[in-house]
Amino acid sequence: MANRNVPIPRRQLYIGGEWREPVKKNRIPIINPATEEIIGDIPAATAEDVDIAVEAARKAIARDDWGSTTGAQRAKYLRAIAAKVLEKKSVLATLESLDSGKTLFESAADMDDVAGCFEYYADLAEALDSRRKTPVNLNSDSFKTYVLREPLGVVGLITPWNYPLLMAIWKVAPALAAGCAAILKPSELASITCLELGEICREIGLPSGALNILTGLGPEAGGPLASHPHVDKISFTGSGPTGSKIMTAAAQLVKPVSLELGGKSPIVVFDDIDNLDIAAEWTLFGIFANTGQVCSATSRLIVQESIASAFLDRLLKWTKNIKISDPLEEDCKLGPVVSAGQYEKVLKFISNAKSEGATILYGGERPQHLKKGYYVQPTIITDVNTSMEIWKEEVFGPVLCVKTFKTEEEAIELANDTKYGLAAAVMSKDVKRCERFTKAFQTGIIWINCSQPTFNQLPWGGKKRSGFGRDLGEWGLESFLNIKQVTEYTSAEPWAFYKSPSRN
Ligand SMILES: NC(=O)c1ccc[n+]([C@@H]2O[C@H](COP(=O)([O-])OP(=O)(O)OC[C@H]3O[C@@H](n4cnc5c(N)ncnc54)[C@H](O)[C@@H]3O)[C@@H](O)[C@H]2O)c1
Ligand SMILES: NCCCC=O
Ligand code: NA
């Protein structure tokens, strides 16, 4: 077992390069979901702190040490942050697990991804210098034109708890690479590592105000950020209902938003797969990794009738083999869900499925050997119909529902039978069929013969009610840039649209 006595730093808000007590001096308890114990607290920002942070961010943009940096200069800061994250990886990973219930293995992988994401955007920041000004040829003797890529300004980044630091960094790294000044509002349910990012920024000497970190409750800290007149964009990852509120607030000021919301993603398994075990493991990973608290979790298994019984049998064998324990224990593969609220919500989805007539094939309860902590067994639900809540709504927990199909057309219809459109997976050795599914799936992310692998270079986001805009890749950087066209009249001749008074 890793050292659970890693001290929880007592931090303040990180504003203008300094730790600053919230104006109202309120704090929110930190709860370890594996033990249900309070292990520390975080500062609770309110509208007053948002105003101070926005001012600090605006000053950063106006100052040469941030506002006039080249991409190459910003890349140095990003690389220094990445190096510090790796240096502190073990402590950061432990803190992430203590705060969110994430297995230590997954927390450590997240820290590698965090560092990798900063490094990736460092490369893109450098490349931006040569792309900053792009001439556009009009085939005109009268005009010379070019397009500038400039930082969008002050951006608000509002993020969830399921990958507390990683989801924040998917926005922080491109925002800083672009040259924006950012205000990060992480989830009140898991903010420790985001506050530690503040300490890292202080240590590496990131110019003050370039990144500000405001922890606090959604309506009290996130709300004022979303509606602030001097915030130029909100990039949000979280639930659909909160996304709607943010979009409503931003709409009052015609403030751009990007929304990465939830999902109810399908994994379609065909009977031509060579190896049931390989498909079973991907199916498991697709729904039980991070205890199912993944926006892109493939939570609806759509399996061809001819192999359904054999496949479910194999799935059960794999599921029974998952080690459920304190997330700091060696080889733990399923930790608790993040909070008491999430625990109740997941169990309610399971009991509703039962009362609607579905069968709990496996799991559905608290594991017997864990008396404390917000643990839910990995759960597989069959006899599901398309009008049931469990088929339609995002659980955000370790719950897989299963339906069978006979034909390809039926599988496509079932896969797209959702208001969401984030991700979809197909398992088949028929290349042409996989191509047909790639086209037919109404989503932003497609996995073929796998589920969940995620790469910094690729766009991340969805359609339908999973939101719009893209994190990651070059698209993640573009979303923090203002594209400015510049048109210069180069002719010595008059424009001659009006009759010249000198000719009267
Ligand atoms: N598509 C993706 O990339 C992606 C990634 C991770 C999580 N998610 C989604 O996030 C959800 C789970 O995360 P969550 O429970 O933290 O979501 P949430 O919407 O409850 O909270 C997300 C963030 O919004 C803040 N917030 C809450 N109310 C607010 C308000 N009125 N104004 C401004 N900010 C407010 C919260 O404090 C938090 O920081 C799931 O639906 C999941 O699918 C999506
Ligand atoms: N693999 C990272 C998924 C992020 C969404 O929840
Ligand atoms: Na917590």
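What you see is a predicted model, and the numbers here were worked out from it, not measured in a lab. Whatever order the structure lists ligands and atoms in, that order sets their numbers, starting from 1.
Judged by distance alone, the side chains of Glu106 and Thr103 do bring a donor and an acceptor atom under 3.5 Å apart. Donor-acceptor pairing under 3.5 Å is lacking for the side chains of Ser296 and Ser265. Side-chain atoms of Lys264 and Thr418 form no donor-acceptor pair, as typed in the model, at a separation below 3.5 Å.
Protein N/O/S atoms found under 3.0 Å from the Na ion (ligand 3), listed by chain and residue number: Ile31 O, Asp99 O, Asp99 OD1, Leu189 O.
Between Leu165 and Met111, the closest side-chain pair of non-hydrogen atoms falls below 4.5 Å. In this structure, the side chains of Ile412 and Asn416 come closer than 4.5 Å at one or more pairs of heavy atoms. No side-chain heavy atom of Arg300 sits less than 4.5 Å from a side-chain heavy atom of Lys403.
With respect to atom 12 (C) of ligand 1, the closest heavy atom belonging to the protein is Phe396 CE2, 3.5 Å. Of all protein heavy atoms, the one lying nearest to atom 28 (N) of ligand 1 is Thr242 CG2, 3.4 Å. The nearest heavy-atom contact from the protein to atom 13 (O) of ligand 1 is Pro160 CB, 3.3 Å. Ranking the protein heavy atoms by distance from atom 39 (O) of ligand 1 puts Thr159 O, 2.8 Å first. The single protein non-hydrogen atom nearest to atom 2 (C) of ligand 1 is Cys295 SG, 3.1 Å, given as residue, atom name and distance. What sits closest to atom 17 (O) of ligand 1 on the protein, heavy atoms only, is Ser239 N, 3.3 Å. Considering only non-hydrogen protein atoms, atom 15 (O) of ligand 1 sits nearest to Trp161 NE1, 2.8 Å.
Heavy-atom neighbours of Lys439 NZ from other residues, nucleotides or ligands within 6.0 Å: at or below the threshold of 12. At most 12 heavy atoms of other shown residues, nucleotides or ligands fall within 6.0 angstrom of atom CD1 in Ile38. Heavy-atom contacts from other residues, nucleotides or ligands closer than 6.0 Å to CD of Glu36 number more than 12. Heavy-atom contacts from other residues, nucleotides or ligands closer than 6.0 Å to NZ of Lys24 number 12 or fewer. More than 12 heavy atoms of other residues, nucleotides or ligands lie within 6.0 Å of CZ in Arg11, so this atom counts as buried by the packing criterion.
Per-residue contacts place Gly223 under 4.0 angstrom from the following atoms of ligand 1 (heavy atoms of the residue considered): 32 (N), 33 (C). Near Trp460, with a cut-off below 4.0 Å to any heavy atom, the atoms of ligand 1 are 2 (C), 3 (O). Each of the atoms 36 (C), 37 (O) of ligand 1 lies under 4.0 Å from some heavy atom of Glu188. Listed by number with element, the atoms of ligand 1 under 4.0 angstrom from any heavy atom of Asn162 are 6 (C), 7 (C). Of all atoms in ligand 1, numbered sequentially from 1 with element shown, those under 4.0 Å from a heavy atom of Lys245 are 31 (N). In the vicinity of Ile158, heavy-atom distances shorter than 4.0 Å reach the ligand 1 atoms 23 (C), 24 (O), 25 (C), 34 (N), 39 (O). For ligand 1, the atoms sitting less than 4.0 Å from at least one non-hydrogen atom of Leu261 are 1 (N), 2 (C), 4 (C), 43 (O), 44 (C), numbered in the order shown with element in parentheses. Against a heavy-atom cut-off of under 4.0 Å, Pro186 is close to the following atoms of ligand 1: 39 (O).
Look at Glu199 and Lys88 and you find no salt bridge, because none of the NZ, NE, NH1 or NH2 atoms lies under 4.0 Å from a carboxylate O. A salt bridge is defined here as a Lys NZ or Arg NE, NH1 or NH2 lying under 4.0 Å from an Asp or Glu carboxylate O, and Glu393 with Lys419 meets this definition. At a threshold of 4.0 Å, the pair Arg79-Asp123 counts as salt-bridged, since one of the basic side-chain nitrogens sits closer than that to a carboxylate oxygen.
Taking only non-hydrogen atoms, the option from Glu394, Lys185, Lys264 nearest to atom 41 (O) of ligand 1 is Glu394. Between atom 9 (C) of ligand 1 and the options Gly238, Ser466, Gly262, the minimum heavy-atom separation is to Gly238.
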Could you tabulate the donor-acceptor pairs under 3.5 Å formed by side-chain atoms of residues 176-193, not counting sequence neighbours?
from   : atom 1 : to     : atom 2 : distance (Å)
Lys185 : NZ     : Glu188 : OE1    : 3.3
Lys185 : NZ     : Gly216 : O      : 2.8
Ser187 : OG     : Leu189 : N      : 3.0
Ser191 : OG     : Ser187 : O      : 2.6
Thr193 : OG1    : Glu96  : OE1    : 2.7
Thr193 : OG1    : Glu96  : OE2    : 3.3

Donor-acceptor contacts, no H, no angles, side chain residues 52-60, under 3.5 Å, sequence neighbours left out:
from  : atom 1 : to     : atom 2 : distance (Å)
Arg58 : NH1    : His230 : O      : 2.6

Tabulated below should be the N or O atoms of ligand 2 paired with protein N or O atoms at under 3.5 Å; can you produce that?
from     : atom 1 : to     : atom 2 : distance (Å)
ligand 2 : 1 (N)  : Thr454 : OG1    : 3.2
ligand 2 : 6 (O)  : Asn162 : ND2    : 2.9
ligand 2 : 6 (O)  : Cys295 : N      : 3.0

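Between Leu422 and ligand 1, not a single N/O pair is under 3.5 Å apart. Residue contacts with ligand 1: Thr237 is placed with no nitrogen or oxygen under 3.5 Å of a nitrogen or oxygen of the ligand (distance criterion only).
Rounding to the nearest 0.5 angstrom, the gap separating the SG atom in Cys401 from the CD1 atom in Ile360 is 10.5 Å.
Screening Tyr120, Trp460, Trp475 for a ring pair (Phe, Tyr, Trp, His ring centres under 6.0 Å) with Trp170, the sole residue that qualifies is Trp460.
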- Evaluation steps, ring pair (Phe, Tyr, Trp, His ring centres under 6.0 Å), between Phe396 and Trp161: CA-CA 11 Å; Phe396 223 57; Trp161 45 260; 5.2 Å; yes
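Using a 4.0 Å heavy-atom cutoff, Phe236 is listed among the residues neighbouring ligand 1.
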